[in-house]
Structures are given as C-alpha cells and as structure tokens.
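What follows is one structure encoded as structure tokens, with my remarks underneath.
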Amino acid sequence: MPVQVLKIIKGKLETQLPSHLQREDLKHLQTGLDHTNKYFQGIVILSYPLTKLGDGTDFFKIVLQDDTCSRINSINVLMYGKMAEDCAKLIRNGDTFIVAGFKVAESPTAREDGRHACHLQVSEESGSAIFICTQPSITPFSEATSPSVAPKYVYTPLNCLKDGTVVNLYGIVKFFKPPYISKGTDYCSVVTLVDQSNVKLTCTLFNGNLDSLPKIYKNGDIVRFHRVKIREYNGQMQGITSAGFASLTFDGTVGAPVVPRASSKVYTFVDEEQKTVEELRIWAASNLSVSGPEAKLSDVKPMMFFDLTCQLVGKAKVDGSSFLLKVWDGTKCPYPTWKVPVEAKELEGDRVLLHHLRNLTVDVLVYDNHVQLAKSLKTGSFLRIYSIHTKQASAKNEDISSHIEFHLHGGTCYGRGIGILPENNPDVEELKSFLECVELTDSQNMESVSSLELGDTFDSYTDLESPLQRCQQLSATVLTDHQDMSNTVLKTVLNSSAPQQYRIRAKLRSFKPQKLYQSVKLHCSKCNTLQEVPNGDAIDFILQGCAATAPNPELQSMSWYESVVWTTEEDQGRKITIHFVKHYEMLQRPENTLLMIEGGTLKEIWKLTRRFKCVIPVKSKEDDLELLDLSAPFLLQGNIKYYGCKKCSTPKSIKNLSSLAEKREPSWEPTEIAQVLGIEPLQYVFVMKFTLVDGTGVLNAYLFDYEKFFQIPASEILTNSFLQQKMEMTMNTLSPPGRKLDDLPWLECFIKSYNVADGMKHQVYYQIFDTTVAEDVV
DNA sequence: TTAGGATTTG
C-alpha cells in the first residue's frame, strides 16, 4: 500500500518503517544524488487544495518542515495521481509525513517562498511510498490544561471549512470592526481573515464581555481562534462564536516579538505555533497589502476617512445623539479646526492641560451607537478612532474662514468605531514618547512667551539702568569651566597677539547664517573638512539609481540575515528587498533589529526607521551586498542620517556586520557600525559666526558646536521641528530681532584666538569654547 | 438575540 497511516507514538516511528530505509537530512537533499534507500520525514505545515493538472492528473502540494534548526527548514512536496488524492483526504497540518522513493528536482518557487532549493516529486508510478503519522484530533473543552498533557489542536486552513463544523483557525486580519455594543445584549466584532490558501472568512463574534473578544488593533494582525462555528450564509462560509470561543492576537510585523494578546486568562501556546505566526507574517508581507488609512492630524485633508491613534484629553456631552472627544496626537492639523460649543460644566478633563494643548487638540464628534462607548472612555487613555470623517464646513459668511470638522458617524461601516489601546502597544509607546517631547517644548514655549511679555513691561526701565545694575544682570550664556578667569574687554582682545584665551562679556549684535539649515554642516574629524548636509532629493537620486539594479537572489536569506522581497504596485513593480539581521539565528524585536534595504525610496526608508533600530541602504553586487555611494547615508537610526567621509573611508565587506550581530546584546552603536564597515563617520555640527560687541570693540567669533553650546544635538535638528523651534527661541533670546543694542542680553563667553596663514597674509580668528546657553534660556 | 464588511449627510 503506497499510502500508509501509522497510528503510533512518534518516538517509535523508525521501527515501523521498512528496515532498508535510512533517514535523509534536509540539507542532503540534492538533485543528482542517489536517494533510493532514503526516506525524508517532516511535519506538514501547509497543504494546498487538491487540483487537477491539464491532463486530468490529480495534483496535491504540501509543505514539510524539518525539525532541525537550519536556516531553510521547509520543503515543498508535490504529489501526483492517486497518491495525491489519497493524501489530500488524510493529511492535516501537524501530521508527521514520511516519504521514500521520491524524485528530487529543482524548486522553481524557492526564490519566492524561501523554502528548500529542491522539491520532492511523489507518485505511485515512480514507486514512492508515504507513511503518515496523524495528530489526534481532540477538541478539548477547556483551555486550562496543564502543559504536560496539553492537547494538540488541529487548525483548519480557510479553504477546507465545512458547514456545521466547529474548528480552530489561524488567519491574518484583513478587515475588522472593533468591538461595539450591538442591538442585543452583547458586544460584537466582525473580523475577516485570510490565510496562505488565499481564502477569506468573515467571522461575526459576540460576547457580553469586551475582553473576551479578540484584541485586534490593526489590519495585518494575526489571530488564532479556537472553537469557531462554521456556517454557510448567502452562499459563503461564515464564522461565528460558539461555546468556549477563545482567541489570541499577535502583531503581524515580521520580526516583532510573538507575544499573544489573549482573550482568556489561561491558554496554550507552544513553539510550533510561534512558527505558524512567523510563517503567516512572512506570507502576509509578500502577499498582502494591508496598509490602513492611518493618518496623523498633520496629514489630514478635507473629505477623507482615516484612522487616528491619539490620546483623549477631554470629553463632553453635546446632546442625546452625539458626544464630543477632544484628542491630540502631538502634530498640528494644517487647517483651522472646528471647536464644538459645549457647556463648561459638561466638559470633563484636566483644565490646565486642555488649555495648554488647546492649539493641538481637535474636537471629534461621535454619533449614535458610538456615544455609549465614548462616554465610558477615561481621559488620558490612548485610542485608535477608526474611519474618522473630515468635512470642510462651508463658510456661512465671509468673515468666518472655513474650518475642518471631525466626525465619527453612526454605524460600523468600514470598521468605523473606537478602540482602546493598552499602554504597552508599540504604537502607543511611540506616541507617548513623541507627546512627551511635544509637551516639553510646548510648556517652554509658554514660559518664554510670558517672559517676553514681562520683558516688554520692563523695557521702559532699561534706559534708566545704571552700570552697576547692568553688571548684575544675569548672562544669557554661562561658562562651563575656568570660572576663576577675569573678564577682558574686546578692545584688549583685538589688540593682542594670538593664540590666547579670554573670558569676555558681550552682546550678540548679529549672527550668520540666519537660516538654521544653513548653519548645520558635516565635519570629518580626521581630515578636518566641512561639507554640506545632502538634501533629500540628492539622496533619492542615489537610491533611484540603485533601485534600477535588480537585487541578486543569491544574496537573499544568508546565515546571518533573513530576507523578504516586496513588489510595489507603482514604478512598474519595483522590488524592495529587506534583509533582517539575525541574532543567534533568531529575528529580534523590531526596536532591536538592524535591517538592510535594497530598492527602497527615502520615504520608505524613513518609515522603517520609525519601527526598526537601524536601517542600512545597500545594493547587490556579484558576491556580496555593498553600501551605496557615500553621498547617501550609510546608516539611518531614529531620525538621524549618518554619513561617512568619502576621503577617509575605506568601505569593508558588509559581512562584518555579522560580527556585531553575534555580540551578546548588539547595541548597534553608529560608531561601532561605522568601524566594522570601514567608514570614517562625519559629525553634524553647528557652524555660525557671532558678531559680538561690548562698547569697546566689535569682534567676530566662530561657534563650532556639536551639542554643548545650544544643548541641542546638531545631528537631530534638521529632522525635529521641536528642536528647531527651541533653537529659534534661543536665538531670539540671545539676539532679539528689532531690539536696540541696549536691550540685548549680555553673554558671557570664553573665546580663543588663533592664527590662520593665507598665502602671505596672517589673520587672527576667534572661536567660542566652554560656553553654553543658560538653562533659563533653553 | 445581536450581525451577516462595503462610509454620513448631524
């Protein structure tokens, strides 16, 4: 009998097989080798529907996984004829599958599916034999089973569902409605799943307890459902909660930790299932496009529907059918926003905070069925509001400029609703750190506004200021060393020979450049050259050039990284390849992951830097990946682009990164990365010319500052609008525009003079050092 | 029971 079912204990399998057969390792399966007396054993992780070939032969494909820990641990098995038909009836995922008398041929799909380079061909005609060790298909009543006797669950692929059965499923969330209060007694959530069979299933889930419904936060999340009842409705299969329904939800991001969000306190989750989640993630990454209509307040336009991740600052009853939520996400809506008039006594929330954030919060008016849920929300909590509608209000008279309104209409179409996100949600963590940064800057903004107002009040007295009072005025800058040195007036400094050091007290009459971005340069400490920071267009130009070269499939998924290829819908199907660097053979949490990207645009790379620790743009050459031209950043981390000096760098093999990945806890420090890649890193620096006056003379001093003077890292300012505001405020304090010299603050500085020989001419230059802007200024 | 995906009209 070519197909035999072995109902035996796994450990004693060998004794049941013909004695002449020897087990073959996955890595030894190659075309051209003799596998006559060998058998291959693996676990069925995927089976495709039984189909017929053009000539009417039955065809059945499965994927077997080896239990070794090698990089490629799965292989496709293709069955033909009667064997295909028999196996399709018997096989379930999780079964142990043994095959002998197989043919080994090159797998045409290896590049796409990342499985073994060969596949196995099996048929009765070619003398193959198959042994299947089936899984017990028990459906337990309780999840609370001790691990030692944990039952094996059988998961049904979505293309194999039958009316009237109760099944366990895995799937990727393609669409969902966050739980809402139904017209009956329960909460309801509608979830559409898809799996590798590309078949969709819409499930309607009910429960009186909100926590018992799946904790899905975005499309692309992966769910495991236990005990779903399958019914046919309108000619399609439909899932519905049955007694004992339980779910686990996982982040769908490749490389993210596989941590279940459970709907019950006790649940089983074993290593094998972790693999299932990872497989689904990889499949989804290359087969599904699940990007939702997410937007920040700064991105909104009139007439759009979008999902907003935000914090609730205030809430208020408006009338019987609508309720107001005041939310913010730290960004500013580019349009004037609608403020819903409410009675002061109805408004709930921290008054100080509401006032403080009044220019950043928006009013979202929620209607009908969402009102009850909205009322129960706690201010301060983090929300995702799905399918908010922005509407441009028509200006009723010309005096009132049109504004934008935010509505969450009644109903649940398109997943419209409100989800409460937990504090440990990665998007919430990202939002929280962003909001902290905004709050800080914003409060400083307010303080400096009030001090400016005070300053104006005092202005009338400054003309009467005595020289003594002037000396007693606090300086807007402070010294970080050499406190015992006494002051020298500028006239003396100018009349002395260089090099020397001085402590001076002066006012900043003017500074250059006036435009902030012009003051940030890149400096090589080795050859001491300064260069401009490349702009986005220049980088995109280099990236485009590289995207034109097809990635080399030979360089995908090597021992120290795992690769995933995307094909974009635009740009004639441009391919983006991402290589996730592994740590001890394992993918890391995204926030710890270094990845290399081929073929991405700057925008796509930026997006990845928000989620992953480091991004290195690379291109394929014949036998290795390599860095791009050094006019492009060699590394992006957080919102900083790191550049290397073209003159002083000698790029080394990209493989050297694997030595950093092998460290116990790779820190992915930019300096370390630069070092192993042979890059001499450039540092961001503020370069400015200050014209200083003190009544005795005028002196131009250069400021060359990485971070110390402004207490703002030069590396971050170009991509951080809050730091830019802070810098602007600082400069406005040191040298307020439009003020008389008398009204300028004093600066205490250290300067050093030095000689510069230019041909026959000698010139004395001055540089500020060991000085920092006073704390009350920044 | 409820909803059964497929934007409100405030």
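Naming: A, B, ... by sequence-line order, numbering from 1 per chain. Just so it is clear, the values below take in all heavy atoms, side chains as well, and ignore hydrogens, waters and symmetry mates. What you are looking at is a predicted structure, and each value in this text was computed from that prediction instead of being measured.
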Note, F434(A) side chain near F722(A) side chain (heavy atom, < 4.5 Å) | yes

Atom pair CG/OG1 of D427(A) and T309(A) - distance to nearest 0.5 Å = 5.5 Å

Salt-bridge contact D58(A)-K52(A) (side-chain N to carboxylate O under 4.0 Å) = yes

Answer yes or no: is there an ion pair linking K218(A) with D307(A), defined by an N-O contact shorter than 4.0 Å?
-> no

Under 3.5 Å donor-acceptor, D221(A) side chain and V173(A) backbone = no

Could you tell me whether the side chain of S242(A) and the main chain of R227(A) form a donor-acceptor pair under 3.5 Å?
-> yes

Assign each of C413(A) and Y367(A) the nucleotide of DNA chain B bearing its closest heavy atom; nearer the 5' end lies the nucleotide of C413(A)

Taking for T185(A) and for K177(A) the nucleotide of DNA chain B with the nearest heavy atom, the one nearer the 5' end belongs to T185(A)

Partner residues of T276(A) under the side-chain hydrogen bond (donor to acceptor under 3.5 Å, both in side chains) criterion, sequence neighbours left out = none

Mind jotting down which residue pairs meet the ring-ring contact (aromatic ring centres under 6.0 Å, His included) criterion with at least one end in residues 233-266 of chain A? Sequence neighbours excluded, please.
-> F225(A)-F245(A), F250(A)-F269(A)

So ring-ring contact (aromatic ring centres under 6.0 Å, His included) across residues 176-206 of chain A, not counting sequence neighbours, yields F176(A)-Y386(A)

Residue Q372(A) excluded, over 12 heavy atoms near CD under 6.0 Å = no

Proximity to DNA chain B (any heavy atom under 4.0 Å), residues of residues 236-243 of chain A only | Q238(A), I240(A)

Those residues of residues 204-216 of chain A lying under 4.0 Å from DNA chain B by at least one heavy atom | T204(A), F206(A)

Would you classify [X] as touching base, sugar-phosphate or nothing, given that sugar-phosphate means primed atoms plus P, OP1 and OP2, and contacts are heavy atoms under 4.0 Å?
X       : result
D368(A) : base
H389(A) : base
G410(A) : base
S322(A) : nothing
Y180(A) : sugar-phosphate

Outermost nucleotides of DNA chain B that come under 4.0 Å of a non-hydrogen atom of chain A | dT1(B) to dG10(B)

Mind checking whether H407(A) and H389(A) have parallel, tilted or perpendicular rings, split at 30° and 60°?
-> tilted

